[in-house]
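We name chains A, B, ... by the order of the sequence lines, and we start the count at 1 in each one.
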Amino acid sequence: MRNLKADVLSKGEIGLIHEGSLEVLSEVGIKIAHAGARSIMERAGCTVDESNGVVRIPRDVINGALKSAPESWTFSSRDGKHDAKMVSDGSRTNFMNLGMGTKICHYVSENKFDTRDSTIPDIRNIAKVLDACENVDLVTQPVSALDLMDKRCVRTLHEAEAMITNTSKPFLLDPDPRYVDSYFDIMKACYSGDEEEALKKPFLMVGGCSSSPLQLDTPFCELAIKAGEYNMPFMSMTMAMAGTTSPVTLAGTMVIHNSEALAGITLAQLVKPGLPVIYGSCTTGFDFMTDTAPFGSPENALISSASSQMSQFYGVPCITSGAISDSKCPDFQSAQEATLNALLPALNGTSNVFGVGLIELGMTFSLEQAVMVNDMIPLIRHALEGFEVSSETLSIDAIKEVGIGGEFISRPETMAGMFGHTHPELFDRNMYEGWKNTGGKHTLELAHEKVQSILSEHVATPIEPGNLKEIQNIIREADKKVL
Amino acid sequence: MTQKDLNERAKKAVMAYDQKTSAEVAKEAIAAKVDLVNLIQEGYTAGIQEVGDLYQAKKLFLPHIMSAANAMNAGVNLLTPELEKSGKSAGEGLGKFVICTIEGDIHSIGKDIVAIMLKVAGFNVVNMGRDIPVKDIVAAVKSEKPKAVGTSALMTSTMVNQKTFEELLKEEGVRDKVITNIGGAPCTQQWCDEIGADVYSENATDCVNKMVARVKM
C-alpha cells in the first residue's frame, strides 16, 4: 500500500460530531463579544440575543461558509522559495513549530539545562534555526519577547520583525488586532511597496483562539474581521481541555472544539467569502493527577487526528497540534511524545502538524528539540509513504539472476536505489566502535552542535535593505504612538 | 433537628456532592434559628476541608473538589443573606483573597479552580470574575481590604496588565497593604520578580501552599 492512512473516526462518527456541533450551535449558540461580529452573523440569518451576546447559528449559514472557504490554497513565503501548500484532502502534511511559549530551555551540557524567560534575541535564534530546518515548512511565532513586556514599544511588531528577518518561510503571527494594518504594511514593504502583491501573495497569517466552552472574545472577532479587510489568511483555533472546558469524553470535546472552529470560520467567511482559512485545533485532554493539559498525550494525538478528519470532511485545510512534548527538556519523554503526536495526525491526513520544538506542555521552546524533530520528519514521511509493490519492485528477475547465496550489493538497481532509503543526520546508526571512533556523541549533543552551526553560519534570504529600512520605519512610527 | 444533626447533615451533603440536601439543610437551619455561623464552620466548611485533605493526599481530585464546592455553595449562599441581616459573619478564616482574570482576558477556569482551592484552604475568597479592568481591581483592594489579591492572565497580550496593576497599586498608595499574586499559563517566576509581584503561582495547589505559608509567617 502507498500513503498509509488511519481513520480515528469512521464516516458515521464524523457525521455524528458534525450533527452534534450543528445542534449545539443552533440551540446553545456561541457567545460573541464583539457587537460588529454579532451584526454580521445576524445579517446572515443567525439569531442574536443582545442581552447576553449569544448567537445561534443555523446550519445553512455554516454550510454557506464552508462552501465559500477554499479547499486548498498556497501560503506564500517572503522569498517565493518556501511557499506552503495548504490542502484539505489529506494529500500533504506540512510541519511547523507551535506558539506561543514564554520560556526557552537552553542546553548547557548533557543533562544540564537552563530554562528562562524568552526574549527578542531568542526569537531571532529560533527563527534562524527553523529557517535552516529543511523539513519545517512554515513557522509561527514560537515564544513571546518577555524582555519587551514593560518597554514602551509595540511588542508584536518587534517580534514579527525578529521573525521575518531571520526566516523567509510563511509566518503565522501572534497577532494584535490593533496592528493588522501594520502587519499588512510590513508585507507591502517586503514587496517593495506593491500593495497588489501583498494582497495576492500574503506571507503573514493571523489567527484567533476561541475560549471554551463556546465563546469568541473581542480580539478573535477583530482579527477575523481585519483579516478579511486585508485578505490575510485567518486561522480559527480552539484550545478546549477535556473534562474542564469541554466534556470529559473525547467525542464531547470534539463537539465543543468543532462548534467553535466552525463558528470562527463562519464569521471569517461572512466578512470575506473565499478568504483562505484554517480549521485549527490545540484542543487536548486534562490530566487530573497533575491538573494540567498535556500536549504530549495520546488524547492530544487522537483529538488532532479526529480534527484532521473533520477538516477533510469540511474541505478546509487544518492546523492541528502535534510533535509537542510535556517534558521540561529534550529527552526520552520529548522524543517519544513528539513522535507519537506527529505520527498519528499525519496518518489521519492533517494539513499541518503544529508543534516542532515546543516542550513543557507548549510553554518552553528548545532549539535542540526542534532540530531533532526536524530529523524525525522525513522518517515519518518515509514511513507513511509505504512502499511500492509492483512487477518491477518485486525484483523476481534480479532474485533469479543472483540466485542462492549471492549478493545484491553490486547490482545496478542497488546503486540506483540506495538513496531511496532513509539516513537521518542526528540519529546515529553506527555500531558501537564506529560510533565511538567518530566521536561517541549522543543525540542531544549532536543536536546542540547542529544548533550552534546553524546559528553561526545560516543566513535566511535577506530582505532588501531599502525594504528593511521601510519596515523599521513602520515599527518606529508605531512605537512613537505608544502612550 | 439539633445543631449537631444539621452540622452533620451539611458536612455529609458536601462530601456527597449533594446540592439538593445541602440547600435543604440550610433552609431547615434558618427555620430552626440555629447558629448559622456554627453550621457553616462545623458543617459545610468541615466537609469541604475533609475533601480538601483527601485531594492533597491525591485520593480525590479536582472534579470532587468542584462538586463539593458546588454543594457547599448551594447551602452557604442561602445562609449568607441571613447572616448579613443579623450583622454576623462566618469569619475571615485565613484572610480575604480577591481574585480575578485580568483586564482583556476572558479565560476563567483556572482562576475559578484557584478560588475554590483557596476557599477550601480557609480563605475568604472574593471572586471578581473575568476581564476586570485594572482600576476596578485596585478599587476592590481599597474597599475589600484583602490580605491578598490574585490576577490571572492566559495570554501574553494581557499579562502586561499585571505589571500595570502593580504600578497602579503603588500610585494609589495601597501596594504595601496587600500581597499580590500572579498566575496563568504564560506567567513565570521571572515575570513575577520583574514586575514586583509577591507570589507566582504555577497552579492552584502552588497558590494555596504559598499563600497559607505566607499568611502564617
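- Using a 4.5 Å heavy-atom cut-off against chain A, the contacting residues of residues 158-196 of chain B are B/Met159, B/Val160, B/Lys163, B/Ala185, B/Pro186, B/Thr188, B/Gln190, B/Trp191, B/Glu194.
- Residue A/Met149 touches chain B through both its backbone and its side chain, counting heavy-atom pairs closer than 4.5 Å.
- With 3.5 Å as the limit, one finds no donor-acceptor pair spanning the side chains of A/Ser325 and A/Ser327.
- Checking B/Thr156 against A/Ser144 by side-chain atom types alone, a donor-acceptor pair falls below 3.5 Å.
- Checking A/Thr238 against A/Glu260 by side-chain atom types alone, no donor-acceptor pair falls below 3.5 Å.
- In this structure, a donor-acceptor pair under 3.5 Å is absent between the side chains of A/His34 and A/Asp217.
- A/Arg155 and A/Glu159 are joined by a salt bridge, as a carboxylate oxygen and a charged side-chain nitrogen come within less than 4.0 angstrom of each other.
- Annotation: residues 122-149 of chain B contacts chain A through B/Arg130 [non-hydrogen atoms, separation under 4.5 Å].
- Not less than 6.0 angstrom separates the ring centroid of A/Phe295 from the ring centroid of A/Phe354.
- Side-chain contact of A/Thr119 with A/Asp122: a donor-acceptor pair under 3.5 Å is present, judged by distance alone.
- Under a 3.5 Å cut-off, the side chain of A/Lys328 and the backbone N or O of A/Asp326 do form a donor-acceptor pair.
- A distance-only check finds a donor-acceptor pair linking the side chain of A/Ser281 to the backbone of A/Thr283 [under 3.5 Å].
- The minimum heavy-atom distance linking B/Ser22 with B/Tyr44 is given by the pair O-OH, 2.8 Å.
- For the residue pair A/Ser211/A/Gln215, the side-chain donor-acceptor check at 3.5 Å is not satisfied.
- Sorted by first then second residue, the salt bridge (Lys or Arg N to Asp or Glu O under 4.0 Å) pairs that include residues 6-19 of chain B, not counting sequence neighbours, are B/Glu8-B/Lys12, B/Arg9-B/Glu28, B/Lys11-B/Glu50.
- Residues A/Ser321 and A/Asn300 have side chains that bring a donor and an acceptor to within less than 3.5 angstrom of each other.
- Both the backbone and the side chain of A/Met289 come within less than 4.5 Å of a heavy atom in chain B.
- The parts of A/Asp117 that come within reach of chain B are both its backbone and its side chain, each placing non-hydrogen atoms under 4.5 angstrom from that chain.
- A/Tyr107 and A/Ser366 are not linked by any side-chain donor-acceptor pair at a separation below 3.5 angstrom, with hydrogens and angles left out of the test.
- Only the side chain of A/Lys31 comes within contact range of chain B, with at least one heavy atom under 4.5 Å from a heavy atom of that chain.
- The two atoms that bring A/Ser118 and A/Gly101 nearest to each other are OG-O, 4.2 Å, heavy atoms only.
- Heavy-atom proximity under 4.5 angstrom to chain A picks out B/Lys58, B/Phe61, B/Leu62, B/Pro63 from residues 57-73 of chain B.
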